[in-house]
Amino acid sequence: MKRFLIQLTIFGLGLLILNFLYFLLISHTDWDFIKRTESLNLSNPTFDLLVLGNSLAMDGIDTQYLSKQGLSAYNMAIGGSSLKTNYIQLEEYLNRYEQKPSYVILGLGSYMNNFERDDIHPIVEYTMEEHRYTFSDLPFIKFRWLGAELMKKIVSSAHRNATISQGQLKFKKIETDKTKRNPALQLNLDKYKSAKWILEILELCAAHNIQVFVIEMPGFKKTQNVDALGPYTLPINENNYRLYNFNSQSFCRIFDDSKDWIGNNHLNEIGAKRFTKHLYKEVLKNNSPKKEISR
Amino acid sequence: MLFNSLDFAIFLPITFILYWFVTQQKLKLQNLLIVLASYLFYGWWDWRFLSLIIFSTTVDYLIGLALGKEKNHKKRRIFLWASILVNLGFLGFFKYYNFFLDNLATAFSFFGTEISSRSLNIILPVGISFYTFQTLSYTIDVYKKKMEPTKDFIAFAAFVSFFPQLVAGPIERATHLLPQFYKKRTFDQNNAVDGLRQILWGLFKKIVIADNCAEYANLIFNNSESYSGSTLVLGALFFTFQIYGDFSGYSDIAIGTSRLFGFDLMKNFSFPYFSRDMAEFWRRWHISLSTWFRDYLYIPLGGSKGGTWKKIRNTFIIFLVSGFWHGANWTFIVWGLLNALYFLPLLLTQQNRVNIEVVAKGKYLPSVKEVLQIAVTFVLTVFAWIFFRASSLSHAWHYIMDIFNVSVFQKPQVLPFTLLVLLTLFLVIEWLGREGEYAISKMGLNWKKAYRYAFYYSLIIILFWFGGKEQQFIYFQF
C-alpha cells in the first residue's frame with residue numbers, strides 16, 4: 001500500500017509538472033495569451049483608441065492602419081470573449097494605466113454571438129488580479145481547448161502563419177466566401193437593445209469621457225443583412241448609443257470574396273485593412289454622426 | 001455523481017483512504033463503509049431514490065431468509081414470486097407506466113373509443129433496471145438452492161448498492177459478488193494498478209470517443225431531414241461508437257474502481273465490434289445482461305431444447321424483452337426484434353457457437369474472410385442501432401429511407417477530421433488489445449517505467465485536449 005501511494009504521488013507530481021510546462025508553452029505560443037500578457041504589461045500606453053470585442057474584432061480591425069492615420073490604437077479584443085469579458089478588460093485598463101483613451105470601438109457580431117453570456121474568458125479570468133486559484137484552474141483543465149489549438153499549429157502552417165501587431169491578429173490565410181446573401185435577413189437590433197453588458201461598458205466609458213462606437217462586424221454573405229449602415233441610435237435603459245451596421249449587404253460589397261476572408265466570418269490581413277479604411281472614413285475621421293437612424 | 005466529474009474525483013480517494021486505513025481492513029467495517037459510501041453516491045442524484053433501493057434490499061433480504069427456512073415447495077414459490085413482483089413491479093411502474101397508458105389509449109382510439117389517460121410525471125430512478133436484476137439474481141439463486149441465503153444484512157446491502165456498478169452495471173450475480181463481501185479484502189498493489197489502468201482506458205472511451213461522437217450523432221439524428229445519405233451513414237456510425245464508448249467505458253471504470261477496493265467484477269464487453277457473426281456479437285456485448293436473460297429467462301423457458309418452434313419462440317422472447325428492458329419505446333422493441341431476426345438463422349442452422357475464440361487470435365491481421373465477416377456483422381449492428389437511437393419508429397424509417405438515395409455517394413456534409421483520427425487510433429488500440437481483459441490491459445507492461453508513464457500521461461493529455469462536451473452516460477436512462 002505504501003509503495004502504491006508513493007507511486008501515485010510521484011505520478012501526480014509528474015502531472016503537475018506537465019501542467020506547468022503546458023502552461024509555459026501555451027502562454028508563449030497562444031495568440032490570445034500573448035495578447036493578454038502584452039495588454040497587462042504595456043509601458044505607459046498613450047493610445048487614443050481601444051478595440052474591444054471577440055475574434056471578429058481581433059482579426060478584423062487593423063489598429064496599425066488607424067495609428068498611421070494619427071489615431072494611436074490598440075486591439076484588446078480576444079477570441080471567444082463575452083461582453084462581460086470586454087467590460088472587465090476595459091475596467092482593468094482604465095484602473096491600471098494613467099492615460100485614458102478617447103475612443104473605444106466595440107466590434108460585435110449579433111449573427112453569431114450570444115450577448116447575454118455571463119462567463120469570463122478563461123485566459124482573462126486566470127490573469128485577473130483578484131482571481132482565486134482552485135483545482136479547476138489547473139492548465140490542463142482551464143485551457144484544455146488550447147491543446148487542440150497547439151496541435152493545429154504544429155500540423156498546419158495556415159494556423160501558424162499569423163502575427164500580432166498592436167493587438168490585432170493578422171492572418172495571411174485565404175478562404176473564399178462561397179455563401180449566398182439572404183435578401184430577407186435583417187439586423188437584429190433587439191439583441192443590441194437588450195444587452196446589459198453594452199450598457200455597463202457605456203456607463204464605464206461615460207465616467208471616463210470616452211466615446212464609444214458599437215459596430216456590427218462584417219461577416220460572410222450568408223450573415224449579411226439588408227439594413228443600412230446607419231448609425232442607429234439605440235436606447236438602452238435611459239441612455240442612447242450609436243450602432244454602425246458594417247454587416248450591411250450594401251456596405252459589404254467592398255469585400256473581395258476570394259481574397260479578404262480566413263473563414264467563418266473572419267477577415268484576414270487584407271480584408272481587415274480594407275475594412276478598417278472604411279471604418280475610419282465612416283466613423284472616426286469626422287467623428288460626428290451622419291444622418292442617424294433612430295430605432 | 002458521474003464517474004467523469006469532480007465530485008467523483010473527490011469522493012473516490014476519500015472512500016479509498018477510509019476503506020484501507022480507517023477500517024483497518026476489518027470486514028464488517030469495510031462492508032459498512034461500502035454501504036454508506038454507496039448510499040451517498042446514489043443519493044447524490046436524488047436522495048429520494050434511496051428509499052427505493054433500501055426497500056428493495058430489505059424485501060429481498062427477508063425473502064432470502066424465508067426461502068432458506070421454508071421447505072414447502074409451494075410456499076417457496078410464493079416467496080420467489082413476491083420478490084419478482086416487488087422488484088419488477090417497481091421497475092414496471094417507474095419505467096413503463098406511461099408507455100402502457102399511452103399505448104392503451106392509442107389502441108382504444110384505433111377502435112373508435114377515446115379514453116382519458118393521465119400520464120404521470122415519473123422520475124426514473126437511476127440504475128433501477130440494473131440493481132433490480134441484481135437482487136433478483138439473488139432470490140432466484142437462493143430459491144434454486146445454488147447458494148445459501150445471507151444472514152448478514154450489511155453484506156447484502158453492500159452487494160445490492162455497491163457503488164462502482166450500481167447505476168449502469170455490470171449486473172453481477174449474487175453467486176459471484178456476494179461471497180466477496182464475506183471475506184476481508186486485503187490490498188493488492190498489482191490489482192490496484194491494473195484497476196487504475198482500466199479506469200484510465202474507460203475514461204478515454206467515454207470522454208474522448210463517446211462524448212465526441214455524441215456531439216455529431218446528436219447533430220445528425222436531431223436534424224436528419226437536412227442531411228445527405230452519406231452524412232446519415234456517418235451519423236449512424238458515430239452513434240455506434242458513442243454507445244460502445246459510453247457503455248463499455250462506464251463498465252471499465254466500474255470494474256477498475258472495484259479493483260481498487262479488492263473486488264472482482266465480471267467482464268461486460270469483449271470487443272463486440274470485431275465479432276464475425278451476430279451470435280458472437282451477443283456473447284461480447286453487455287455480457288452481464290445477455291447472460292442474465294439466458295440463465296433466468298431463456299433456459300427456464302426451455303432454451304434451445306425442444307422443437308424448432310420453441311427455439312424460435314424463446315429467441316424472440318429474449319430479444320424482445322431485452323429491447324424492452326432498454327426503454328419504453330417501440331424503437332427498442334424493433335431493435336430487439338431485428339437482433340432476433342439476425343440471431344435466429346444462426347441458431348436454427350447450429351452456427352451460433354462457431355466463433356468462440358477472439359478473431360485472429362495470436363495474429364496481427366485478420367484473414368480476408370474474417371474481414372468480410374466482421375464487416376457484415378458490423379453493418380447489421382449499425383443498422384439496428386439506427387432504431388435504438390431514433391426518437392420514434394417513423395424517425396428511424398425516414399432516416400433509413402434518406403440513406404438509400406443518390407446522396408449517399410456525395411461527400412458528407414459533416415466530416416470532423418480530428419474525431420476520425422481519434423476513432424482510427426482507438427480502433428487500432430482496441431484491435432491490438434483484443435485478447436486482453438480491456439484494450440490496454442497488457443500494453444506497456446514490459447516497457448521501462450518512463451515509457452509506461454509517458455503512455456499514461458499521453459492518454460491523460462488526450463483526455464483533456466480532445467475530450468468532448470460532457471454528456472450523460474446513455475445507459476443511465478435505462
Side-chain angles (χ1 to χ4, degrees), chain A residues 1-27 29-30 33 80 114 117 119 122-123 126 133-159 175 178-179 222 263-264, chain B residues 4-10 12-13 16-17 19-25 185-197 199-200 207-208 211-212 259-262 416-419 421-422 425 449-470:
Chain A
M1 169 66 85
K2 203 173 164 188
R3 199 172 137 227
F4 175 75
L5 290 175
I6 290 169
Q7 279 186 332
L8 211 56
T9 309
I10 293 170
F11 188 84
L13 281 170
L15 205 55
L16 281 174
I17 292 170
L18 276 175
N19 263 284
F20 174 69
L21 291 172
Y22 175 63
F23 177 74
L24 277 181
L25 191 59
I26 55 170
S27 62
T29 58
D30 180 68
F33 242 120
N114 178 358
R117 278 170 53 200
D119 58 291
I123 292 174
Y126 198 79
Y133 296 94
T134 62
F135 176 78
S136 58
D137 287 307
L138 278 174
F140 273 150
I141 299 172
K142 189 84 175 173
F143 307 117
R144 50 189 291 224
W145 87 97
L146 291 180
E149 291 299 310
L150 192 63
M151 297 304 291
K152 281 182 201 170
K153 279 197 181 118
I154 292 169
V155 164
S156 157
S157 60
H159 279 88
E175 187 179 306
K178 291 179 186 167
T179 65
K222 67 178 180 185
N264 197 23
Chain B
N4 54 324
S5 68
L6 189 60
D7 295 338
F8 187 73
I10 295 168
L12 184 61
F16 180 84
I17 286 165
Y19 185 80
W20 291 115
F21 290 99
V22 173
T23 65
Q24 291 179 342
Q25 300 185 45
R185 276 76 61 186
T186 51
F187 185 76
D188 183 294
Q189 155 108 359
N190 290 334
N191 209 23
V193 169
D194 197 42
L196 285 175
R197 284 161 58 90
I199 291 170
L200 180 60
I207 296 173
V208 177
D211 287 354
N212 276 310
R259 283 196 159 126
L260 290 175
F261 294 88
F417 177 73
T418 309
L419 178 55
V421 169
L422 288 169
L425 172 72
K449 197 179 227 173
Y451 293 130
R452 218 164 48 244
Y453 273 37
F455 173 64
Y456 300 150
Y457 286 137
S458 302
L459 277 180
I460 290 171
I461 287 169
I462 292 174
L463 272 176
F464 282 117
W465 287 3
F466 296 101
K469 206 168 138 187
E470 189 179 297

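Predicted, not measured: the structure shown is a model, and the values here were computed from it. No hydrogens, no waters, no symmetry mates; every other heavy atom, side chains included, goes into these values.
- The environment of A/F20 atom CZ is sparse: at most 12 non-hydrogen atoms of other residues, nucleotides or ligands sit within 6.0 angstrom.
- Using a 4.5 Å cut-off on side-chain heavy atoms (C-beta onward), A/F11 and B/L196 make no contact.
- Neither the backbone nor the side chain of A/E149 comes within less than 4.5 Å of any heavy atom in chain B.
- Shown here for B/K449 and A/Q7, the closest heavy-atom pair between the two residues is NZ-NE2, 3.3 Å.
- Rounded to the nearest 0.5 Å, atoms CZ (B/F16) and CE (A/M1) are 4.0 Å apart.
- No part of B/I462 comes within reach of chain A, as not one of its non-hydrogen atoms sits under 4.5 angstrom from that chain.
- With rounding to the nearest 0.5 angstrom, the CG atom of A/L5 is 7.0 Å from the CD1 atom of B/I17.
- If you take CD1 on A/I141 and CG on B/L6, they are separated by 7.5 Å, rounding to the nearest 0.5 Å.
- Summarising the geometry of B/Y457 relative to A/I10, their closest heavy-atom pair is OH-O, 4.1 Å, with the distance given to 0.1 Å.
- For A/L8, the part lying near chain B is the side chain, with the backbone staying farther off; criterion is any non-hydrogen pair under 4.5 Å.
- Across B/L463 and A/R144, no two heavy atoms sit closer than the pair O-NH2, 4.3 Å.
- Ring planes of B/F464 and A/F140: parallel class, angle under 30° (limits at 30 and 60°).
- Within the 4.5 Å cutoff, no side-chain heavy atoms of A/L15 are placed close to those of B/Y456.
- Between A/Y22 and B/W465, the ring-plane angle classifies as tilted under the 30° and 60° cut-offs.
- Contacts of B/F417 with chain A are absent, with no heavy-atom separation under 4.5 Å from either backbone or side chain.
- The minimum heavy-atom distance linking A/M151 with B/F466 is given by the pair CG-CZ, 3.8 Å.
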